[in-house]
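Because only heavy atoms are used, hydrogens play no part in the values below, and waters and symmetry mates are left out as well, while side chains stay in.
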Amino acid sequence: MERNEEQDMKRRVVVTGMGAVTPIGNDVASFWNSVKEEKIGFGPISYFDTADYKCKLAAQVKDFNAADYMDKKAARRMEPFCQFAVAAAKEAIEDAGLDMAKEDPYRAGCAVGSGIGSLQAMEREHTRLEEKGPSRVAPLLVPLMISNMAAGNVSIAFNLKGKSINVVTACATGTNSIGEAFRTIQYGDADIMVAGGTESSITPIGIAGFSSLTALSTCEDPARCSIPFDKDRSGFVMGEGAGIVVLEELEHARARGARIYAEVVGYGCSSDAYHITSPAEDGEGAATAMLNAVKDAGASPEEITYINAHGTATHHNDLFETRAIKLAFGEHAKDIRINSTKSMVGHLLGAAGAVEFVACVKELQEGYIHRTVGLVESEEEMDLNYCKESYSEDFTYALSNSLGFGGHNASILVKKYAE
């Protein structure tokens, strides 16, 4: 499909740096090697005693030391979700070869979202309130707890003085954050955006709340607890971590000789306007978001051959997302390879879409589509190719979906970079 005049007027946006903190690796190289080795990050929750909880497993970040990425005083003034964001942003900025001393800081912005913020701070200080009274609640409770502090801390750490936003759309947060950063650069409000999502909600109230909603898997077998698109799927497994990327206007990246990983070409959103937790059963909202992203890129639906699905391993999500893909792509849906990175890292909530974006870029780069680990057999209506095996093949576009509680649908389209 030919690009129209409006699309030609938009500035091109490329990915020049990436960073990640995940349950299967605390940097992009480790994460990606683990993906190719089909490692899973699931294990017993170690942060608190789960004796009274139905859910026993999570995908925790391992061997993370905040002092490796920032000074200890700064780390003490951040909760884990902020620490993960700053660590991933540090890797992404260094990976991009950005020297902020040479940049106009007001042309460099930040779009880092978190779906929840710090449940740890809330729980800790609520206990103190109950036991010792209101005067003993920590003075920094609010700035430690609120979700925008990931963007705030990343901006402070790296002198990003341009647009600084915190998109909160539940599990669509990471994708929306990168999408809004993409738009910001497209329309000239910034030349550089550090963007992504972060989350750390494996806490007593976090696990109890999602368990009461019957969203979490109660399976105690790490190999079968997070199995997107499998007929035996029983819910998602809570993960944590951060994915951060550096997006840059193409000519700005070229001018400084930056290495370009991929190009962001489309972003689409919609709302189901249906239910606070369940996706729309017909998939129309998610289908609209996908097609909006494809149209935004000036591509045709037939050019899309790979989708990184939201794929949470809940019954409703995987079935309704399948319906959405069929609705959006018709007969061509059967020719699309669909996988779920959550089969290895679990559901990182507000960070999910950002970590999956990193996976998409790596897959495009290497011509490799990872397997949906643990997938054995799907039920009758779910008859698409959910990647029971990995594929080594050249492809041009990667479409990444994120669907959030509240009916938020976001899709972002990444393309292999070409001059």
Intermediate values then yes/no, side chain to side chain contact (heavy atoms under 4.5 Å, CB included), Met78 and Met70
CA-CA 11 Å; Met78 294 183 210; Met70 64 203 82; 3.7 Å; yes
Verify side chain to side chain donor-acceptor pair (under 3.5 Å) between Thr341 and His370, making sure each step is shown before the conclusion.
CA-CA 8 Å; Thr341 307; His370 74 71; 2.9 Å; yes
Applying side chain to side chain donor-acceptor pair (under 3.5 Å), run through Asp189 and Thr184 and close with a yes or a no.
CA-CA 5 Å; Asp189 289 341; Thr184 296; 5.4 Å; no
Given the options Ser114, Ser200, Ser201, Leu349 meets side chain to side chain contact (heavy atoms under 4.5 Å, CB included) only with Ser201
Under-4.0 Å salt bridge between [X] and [Y]:
X: Arg337; Y: Glu393; result: yes
X: Lys326; Y: Asp383; result: yes
X: Arg323; Y: Glu381; result: yes
X: Arg233; Y: Glu379; result: yes

Is a side-chain donor or acceptor of Glu248 paired with a backbone partner of Asp191 at a separation under 3.5 angstrom?
no
With side chain to side chain donor-acceptor pair (under 3.5 Å) as the test, would you mind laying out the steps for Asn409 and Asp272 before giving the verdict?
CA-CA 7 Å; Asn409 303 307; Asp272 284 342; 2.9 Å; yes
Assess the side chains of [X] and [Y]: does a donor N or O sit below 3.5 Å from an acceptor N or O?
X: Glu240; Y: His347; result: no
X: Glu303; Y: Ser300; result: yes
X: Tyr386; Y: Asp318; result: no

Tell me, which pairs form a salt bridge (Lys or Arg N to Asp or Glu O under 4.0 Å) where one or both residues lie in residues 115-124, sequence neighbours left out?
Glu79-Arg124
Which salt bridge (Lys or Arg N to Asp or Glu O under 4.0 Å) pairs, counting each pair once, include a residue from residues 352-377, with sequence neighbours left out?
Lys36-Glu366, Glu38-Arg371, Lys342-Glu356
Quick check: do [X] and [Y] have side-chain heavy atoms less than 4.5 Å from each other?
X: Arg107; Y: Glu249; result: no
X: Ile93; Y: Val246; result: yes
X: Tyr267; Y: Val13; result: no
X: Leu364; Y: Val414; result: yes

Using ring centroids (six-membered ring only for Trp), state whether His316 and His275 fall under 6.0 Å.
no
Could you check whether Tyr69 and Phe64 have their ring centres less than 6.0 Å apart?
yes
May I ask you to check if Arg11 and Tyr187 form a cation-pi contact, with NZ or CZ under 6.0 angstrom from the six-membered ring centre and within 45° of the axis?
no
Check the pair Ser340, Phe229 against side chain to side chain contact (heavy atoms under 4.5 Å, CB included), reporting the backbone distance first and the verdict last.
CA-CA 9 Å; Ser340 175; Phe229 303 110; 4.2 Å; yes
Does Asn33 form a side chain to side chain donor-acceptor pair (under 3.5 Å) with Ser30? I'd like the steps, not just the answer.
CA-CA 5 Å; Asn33 285 337; Ser30 300; 5.9 Å; no
What pairs meet the side-chain hydrogen bond (donor to acceptor under 3.5 Å, both in side chains) rule with one or both residues in residues 219-229, with sequence neighbours excluded?
Arg224-Asp230
